[in-house]
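Sending over a structure as structure tokens; questions will come in a sec.
One-based numbering along the sequence shown.
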Amino acid sequence: MANNPSVKLTFFVELEGPALEQLFSDPSVIDNLVALNARISLGVVDFTPERAEVVRRLNQAGVPVVAWQLLPREQGYWYNMCNAEHAMTRYKAFRDWSVQEKLQWSAVGIDIEPDISELQQLFIHKSRLIRTMIKRGCGRKLLHNSENTYQSLVMQMRSDGYPVHAYEFPFMVDEQHAGSSLLRRLFGVSAAPSDQRVLMLYTSFFRPFGPAFLWSYAVDVNSVAVGITGGGVEIEGVHHPASLSWDELSRDLRLALRRCNDIHIFSLEGCIEQGYFERLHAFDWEQPVKVPHPGVEILYVSRTALQASLWLMSRPVALVGALACVAILLTY
């Protein structure tokens, strides 16, 4: 890390109580975090004494900890369009727990993703989920109400003294450029204000176009998340791609640094299991990395087409006019 002290590394940790306790039972884990000057974004999946003790140990060592807000699985797990009220209640319980346990947090992280049960349905009951998505895509009231609730929640988090980090899907950037809300409604996610947007640019899901995917979207924000090195929540019926190799992770880190210096890695437990964690001490951030130009050009065209389509579909008059022009041209 001495090669580039400006790099700000954050490691995601998403473990249940016993596994979390076991991970940090090795003193070298916290020592390495201190040496890397790294942060932890800790998934608050429960309010157990064991989790509180891990946070206290990180606090004592001077490792900044982001409170990554998560809900029970039956409530959707991540923040989405249908569980905003649950998110409000959960945050209040988190705040009370933090005060009771005297825990210090550098920020609060909100994870904006579809309902975890819907992801399972995508692989088990596709037709039922598609009907739900179409019905939801035709209405705006639920999205509007949930986003108002999330705005209030973020205001409360800030009032409590926490900067807010939002972990977002890349398509939300395309929607913003297009002035649309269609994809958010279809996938059931809500936009929320934040002090830092972190795009989840996990190239392990987009092989062999992962580097182009990362390079294209990283230009839109000042913080990105790379991965996946292993770990994460298990979803029934979902096949997870192979974890990043060391060469792939090295490539992604160097590509990300050429766009921004605030980089998240998913996940700490995956890095430790794969033997990557300690290798980051001697990591050469300045080593040349090949920018995937052909893939980026293809992705640029695809994103432009997506944004244009979203723009038209959000403006019925313009869409009808465009279709009329096409029809007229086809008659000649």
Side-chain angles (χ1 to χ4, degrees), residues 1 3-14 33 36-44 58 63-70 78-79 105-113 150 154 157-158 161-177 184 189-206 210-229 231-232 244 248-268 270-271 276-277 280 283 285-286 289 291 296 299 303:
M1 183 63 65
N3 290 334
N4 198 322
S6 68
V7 178
K8 299 176 183 177
L9 272 185
T10 303
F11 291 91
F12 288 107
V13 181
E14 187 179 12
L33 288 168
L36 290 169
N37 196 28
R39 293 182 300 192
I40 288 292
S41 181
L42 179 64
V44 184
L58 290 165
V63 176
V65 186
V66 178
W68 172 14
Q69 301 293 297
L70 295 169
W78 303 294
Y79 282 15
W105 307 96
S106 64
V108 167
I110 58 177
D111 194 346
I112 303 171
E113 301 189 45
Y150 282 123
V154 169
M157 291 171 172
R158 288 169 170 165
Y162 299 127
V164 178
H165 300 176
Y167 311 132
E168 300 181 5
F169 280 158
F171 76 76
M172 296 181 73
V173 172
D174 293 316
E175 274 211 325
Q176 183 181 31
H177 289 321
R184 296 205 304 281
V189 298
S190 301
S194 64
D195 301 295
Q196 178 173 293
R197 298 179 73 187
V198 183
L199 283 194
M200 297 181 286
L201 304 179
Y202 300 143
T203 61
S204 60
F205 287 100
F206 295 96
F213 168 77
L214 170 61
W215 186 253
S216 175
Y217 278 100
V219 74
D220 290 296
V221 290
N222 58 12
S223 183
V224 302
V226 302
I228 291 177
T229 64
L244 292 182
E248 289 176 316
L249 176 61
S250 299
R251 173 205 66 204
D252 288 358
L253 290 173
R254 293 186 179 109
L255 283 173
L257 180 60
R258 278 139 181 88
R259 293 301 201 194
C260 62
N261 69 347
D262 194 300
I263 303 172
H264 293 57
I265 299 177
F266 194 97
S267 64
L268 175 63
C271 285
Y276 302 161
F277 190 40
L280 288 170
F283 187 69
W285 290 89
E286 303 305 323
V289 60
V291 177
V296 169
L299 194 57
R303 290 186 63 189

Quick one: do the Ser41 and Tyr167 side chains pair a donor with an acceptor below 3.5 Å?
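Tyr167 and Ser41 do have a side-chain donor-acceptor pair below 3.5 Å.
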Quick one: list whatever passes side chain to side chain donor-acceptor pair (under 3.5 Å) with Asp195, sequence neighbours left out.
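Asp195: side chain to side chain donor-acceptor pair (under 3.5 Å) contacts with Arg158.
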So do the side chains of Val221 and Val198 get within less than 4.5 Å of each other, counting heavy atoms only?
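Heavy-atom side-chain distance check fails, nothing below 4.5 Å.
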Do the non-hydrogen side-chain atoms of Met200 and Val224 ever get within less than 4.5 Å of each other?
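Met200 does not reach Val224 side chain to side chain.
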So Ile228 and Phe205, side chain to side chain contact (heavy atoms under 4.5 Å, CB included) or not? Walk me through it.
CA-CA 8 Å; Ile228 291 177; Phe205 287 100; 3.2 Å; yes
What I'd like to find out is whether the side chain of Leu257 reaches to under 4.5 Å of the side chain of Ile263, using heavy atoms alone.
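In short, these two side chains touch, coming nearer than 4.5 Å.
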Side-chain donor-acceptor pair present, Arg303, Ser216, cut-off under 3.5 Å
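Result is yes, a qualifying pair exists.
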Trace of the ring pair (Phe, Tyr, Trp, His ring centres under 6.0 Å) decision for Phe277 with Phe11:
CA-CA 10 Å; Phe277 190 40; Phe11 291 91; 5.3 Å; yes
Where the side chain of Asn261 meets the backbone of Ser6, is there a donor-acceptor pair that is under 3.5 Å apart?
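It does hold such a pair.
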Whether the side chain of Thr229 engages the backbone of Ser267 through a donor-acceptor N/O pair (distance < 3.5 Å, no angle test) should be reported.
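The answer is yes, because a donor-acceptor pair under 3.5 Å joins these two groups.
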As an exercise, state the distance from CG of Leu33 to CG of Leu280, rounded to the nearest 0.5 Å.
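If I round to the nearest 0.5 Å, the distance is 10.5 Å.
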Would Val66 and Val108 satisfy side chain to side chain contact (heavy atoms under 4.5 Å, CB included), going step by step from the backbone distance to the final call?
CA-CA 5 Å; Val66 178; Val108 167; 5.8 Å; no
For residues Ile112 and Ala166, report the shortest heavy-atom separation together with the two atoms involved.
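The pair with the smallest heavy-atom distance is CD1-CB, 4.3 Å.
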Side-chain (Gln196) to main-chain (Val164) donor-acceptor, under 3.5 angstrom:
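Side chain of Gln196 to backbone of Val164: no pair is present.
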What verdict does the side chain to side chain contact (heavy atoms under 4.5 Å, CB included) test give for Val291 and Arg258, after you've listed the backbone C-alpha separation in whole Å, the side-chain angles of each residue and the deciding distance to 0.1 Å?
CA-CA 10 Å; Val291 177; Arg258 278 139 181 88; 5.6 Å; no
For Pro193 and Val154, which heavy atoms make the closest approach, and how far apart are they?
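Taking Pro193 first and Val154 second, the nearest heavy atoms are O-CG2, 3.4 Å.
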Take the angle between the ring planes of Phe283 and Trp285 and call it parallel below 30°, perpendicular above 60°, tilted in between.
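If you compare the ring of Phe283 with that of Trp285, the planes turn out perpendicular.
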Looking at side-chain heavy atoms only, is the closest gap between Pro64 and Ile40 below 4.5 Å?
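SC-SC contact between Pro64 and Ile40 ruled out.
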Run the salt bridge (charged side-chain N to carboxylate O under 4.0 Å, His left out) test against Glu113 and tell me which residues pass, sequence neighbours left out.
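Checked Glu113 against salt bridge (charged side-chain N to carboxylate O under 4.0 Å, His left out); zero matches.
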If you look at every heavy atom in Pro170 and Phe213, which pair is closest and at what distance?
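Here Pro170 and Phe213 meet closest at CG-CZ, 3.5 Å.
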Looking at every heavy atom in both Gly210 and Thr203, which two are closest together, and how far apart are they?
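Minimum heavy-atom separation between Gly210 and Thr203: O-CG2, 3.2 Å.
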Does a side-chain heavy-atom distance below 4.5 Å link Leu199 with Tyr217?
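Yes. Closest side-chain heavy atoms under 4.5 Å.
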Is it true that Asp262 and Arg197 make a salt bridge, defined as a side-chain N closer than 4.0 Å to a carboxylate O?
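Answer for the salt bridge query: no.
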Please check: side-chain N/O of Arg259 versus main-chain N/O of Trp215, any donor-acceptor pairing under 3.5 Å?
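Side chain of Arg259 to backbone of Trp215, a donor-acceptor pair under 3.5 Å: yes, one is there.
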Just to verify, what does Gln69 make a side chain to side chain donor-acceptor pair (under 3.5 Å) with, not counting sequence neighbours?
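Here no residue qualifies.
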Side chain proximity check, Asn37 to Leu9, heavy atoms < 4.5 angstrom
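No, too far: nothing below the 4.5 Å cut-off.
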Side-chain heavy-atom pair Leu249, Val226 within 4.5 angstrom cut-off
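SC-SC contact between Leu249 and Val226 confirmed.
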Closest contact, heavy atoms only, Ile265 versus Cys271
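Reported closest heavy-atom pair: CG2-SG, 3.7 Å.
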Check: Leu255 and Pro211 side chains under 4.5 Å, non-hydrogen atoms:
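Contact flag for Pro211/Leu255 side chains = yes.
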Chi angles and distances behind the side chain to side chain contact (heavy atoms under 4.5 Å, CB included) call for Trp68, His165:
CA-CA 9 Å; Trp68 172 14; His165 300 176; over 6 Å; no
